[in-house]
Protein chains: 2
Amino acid sequence: MMIESAMGGAMGGPKRGRTRERILDLTLALFNDRSPERVTTAEIARTAGINEGNLYYHFRTKESLVLALFARFEDEAGALADRGAPPSPGEARTYGEFLASWFAIVWRYRFLFRDLLALAAESPSLVEPIRALSGRMRVAVEALVRRMMADGLVVIPEEDLPAILANVWIVSTYWAVYLSLQEGVDRLDDTHLGWGLNQVSSLFRPYLTPSARDALFSASEPGDPPAV
Amino acid sequence: MMIESAMGGAMGGPKRGRTRERILDLTLALFNDRSPERVTTAEIARTAGINEGNLYYHFRTKESLVLALFARFEDEAGALADRGAPPSPGEARTYGEFLASWFAIVWRYRFLFRDLLALAAESPSLVEPIRALSGRMRVAVEALVRRMMADGLVVIPEEDLPAILANVWIVSTYWAVYLSLQEGVDRLDDTHLGWGLNQVSSLFRPYLTPSARDALFSASEPGDPPAV
DNA sequence: GTCTATACTCTGATAGAC
DNA sequence: GTCTATCAGAGTATAGAC
């Protein structure tokens, strides 16, 4: 991510110590397509065009691949969470953009979310990081929503808030499963992100103040049906 | 379920051709606890107190165990879906009870929902049944909601309905993951069902007419926090 | 119906030459 | 850094006696 620019000259060889990154990239793609359990190290090596022994030079265990990808994800998600709410509080559109950023990250690393419990069970060292990150996002989302309330964009009874926040987490994590299963979408792509965003924003819709209804989520085109 | 009472006398031997059912029962428990992928046939046999060879007499493949359990689930879910909406339309409480029945079934067979996509990938013969059943429930839920609308319990703009129905599916399927991950509930049990029910009903809450707010979901005690 | 013994395959992982 | 073996273990499944 920030390593790219740190490399010296020598653009000659297509591989310049980048094998590791290449492996991670295509492993992410494979894991997203199926779960890690159903992707073998042999397949990863073959896809990378290298030998299995070589793969194990770069990653001594299969789990370390998952760990490395989680670290990548954590970097991106953490940066977003720390950045917290969007810079200009009054600007309604930015809320939607924050949500869109979060969605894009979750989408990029969606294999992590397909079966979080299984992931935690197989990589116990991930249990705490997962929980921590999940909690961090939960706090960020709550802060965001409270700012929306303070800005008068939305009116939510205090007692309704916890349930809504939990539903935001659930829907923003698992909308893709619904889409691929119920709507028969075999291979999801970026165009379906808008649909997921709409599902989440629909959780807030009944609470929106009239003025906010127009401004909010205008970036994600609320009414869009999935491009199936 | 209805076989129990059909058995003749001979209560002497604890096993009376029931080994198969016993296997299914404990396999369901094991699968619910971890996914099928992480439960071995050896473990199933050991838990059943029988030999592995014997297990293979009753179920020639591991997949047939999953298939048999899905068939069980399908029976229960199908019966509920066909029964459709509750008998007495005017009675608000019955809507909540229908939802509760659905929840109980999903809960009993929760391993099927933990990673539906993986399940479909590994048992291609389940793809259509899963999709069909999922669609059937979708229709049943929509009919239910429309009756609630007709009965004046709830007021939902037509354009909001599709998103809400999708969210009902998503939340009612994956609330348990949120609970165990975010709230740190290690072993979920029936007492947490109320929490899940509340999450789903909270999707309708802002649309409820004042009179319905009191009557509806009174069985599930809306405000209940999870008994963590 | 149940057990013993065994076969076969897949997969993650290691050792060591180049 | 990369490749060629090669291994050990797990896990599904079968054959056949009782």
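What you see is a predicted model; the values in this text were computed from it and never measured. The analysis underlying the following values was restricted to heavy atoms, covering all of them including side chains, and did not include hydrogens, waters or symmetry mates.
Residues satisfying the side chain to side chain donor-acceptor pair (under 3.5 Å) test with R72(B), not counting sequence neighbours, are E21(B), D25(B). In terms of the side chain to side chain contact (heavy atoms under 4.5 Å, CB included) criterion, residue partners of D115(A) (sequence neighbours excluded) are, by chain and number, L117(A), A118(A), S35(B), R114(B), D115(B). A search for side chain to side chain donor-acceptor pair (under 3.5 Å) contacts involving E52(B) returns T41(B), not counting sequence neighbours. Shown here are the ring-ring contact (aromatic ring centres under 6.0 Å, His included) partners of Y178(B), two or more places apart in sequence or in another chain: W169(A), W195(B). Applying the side chain to side chain donor-acceptor pair (under 3.5 Å) test to S180(B) and every residue at least two apart in sequence or in another chain returns nothing. Taking the side chain to side chain contact (heavy atoms under 4.5 Å, CB included) definition, one finds that T27(A) meets it with I23(A), F31(A), I44(A), L65(A), L69(A), sequence neighbours left out. Looking at residues two or more places apart in sequence or on another chain, you find no side chain to side chain donor-acceptor pair (under 3.5 Å) involving W107(B).
Here T19(A) reaches the OP1 or OP2 of dT2(D): one of its side-chain N or O atoms lies under 4.0 Å away.
Remark: C1' of dA13(D) and NE2 of H58(B) are 16 Å apart, rounded to the nearest angstrom. Atom P of nucleotide dG11(D) and atom CZ of F59(B) are separated by 20 Å, given to the nearest angstrom. What separates OH of Y56(A) from P of dT14(C) is a distance of 8 Å, to the nearest Å. Put simply, CD on E21(A) is 16 Å from C1' on dG1(D), counting in whole angstrom units. As rounded to whole Å, 16 Å separates atom P of dT11(C) from atom CG of L65(A).
For R38(B), the CZ atom sits in a packed shell: over 12 heavy atoms of surrounding residues, nucleotides or ligands are nearer than 6.0 Å.
Within residues 36-46 of chain A, no residue has any heavy atom closer than 4.0 Å to DNA chain D. Residues of residues 117-124 of chain B having a heavy atom closer than 4.0 Å to DNA chain C: none are found.
Of the candidate nucleotides dT14(D), dT2(C), dT14(C), dT14(D) has the atom nearest to the side chain of R60(B). Side-chain proximity of K62(B) to the nucleotides dG12(C), dG1(C), dA13(D) is greatest for dA13(D).
Remark: aromatic rings of F73(B) and F113(B) are close, center separation under 6.0 Å.
For residues 125-143 of chain B, the pairs satisfying salt bridge (charged side-chain N to carboxylate O under 4.0 Å, His left out) are D82(B)-R136(B), R138(B)-E142(B), E142(B)-R146(B), with sequence neighbours left out. Applying the ring-ring contact (aromatic ring centres under 6.0 Å, His included) test to residues at least two apart or on different chains, none of the pairs has a partner in residues 36-63 of chain B.
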Atom pairs under 3.5 Å, N or O on each side, protein against nucleotides 3-7 of chain D: can you list them with distances?
| from | atom 1 | to | atom 2 | distance (Å) |
| --- | --- | --- | --- | --- |
| dC3(D) | OP2 | N51(A) | N | 2.7 |
| dC3(D) | OP2 | N54(A) | ND2 | 3.3 |
| dT4(D) | OP2 | N51(A) | ND2 | 3.0 |

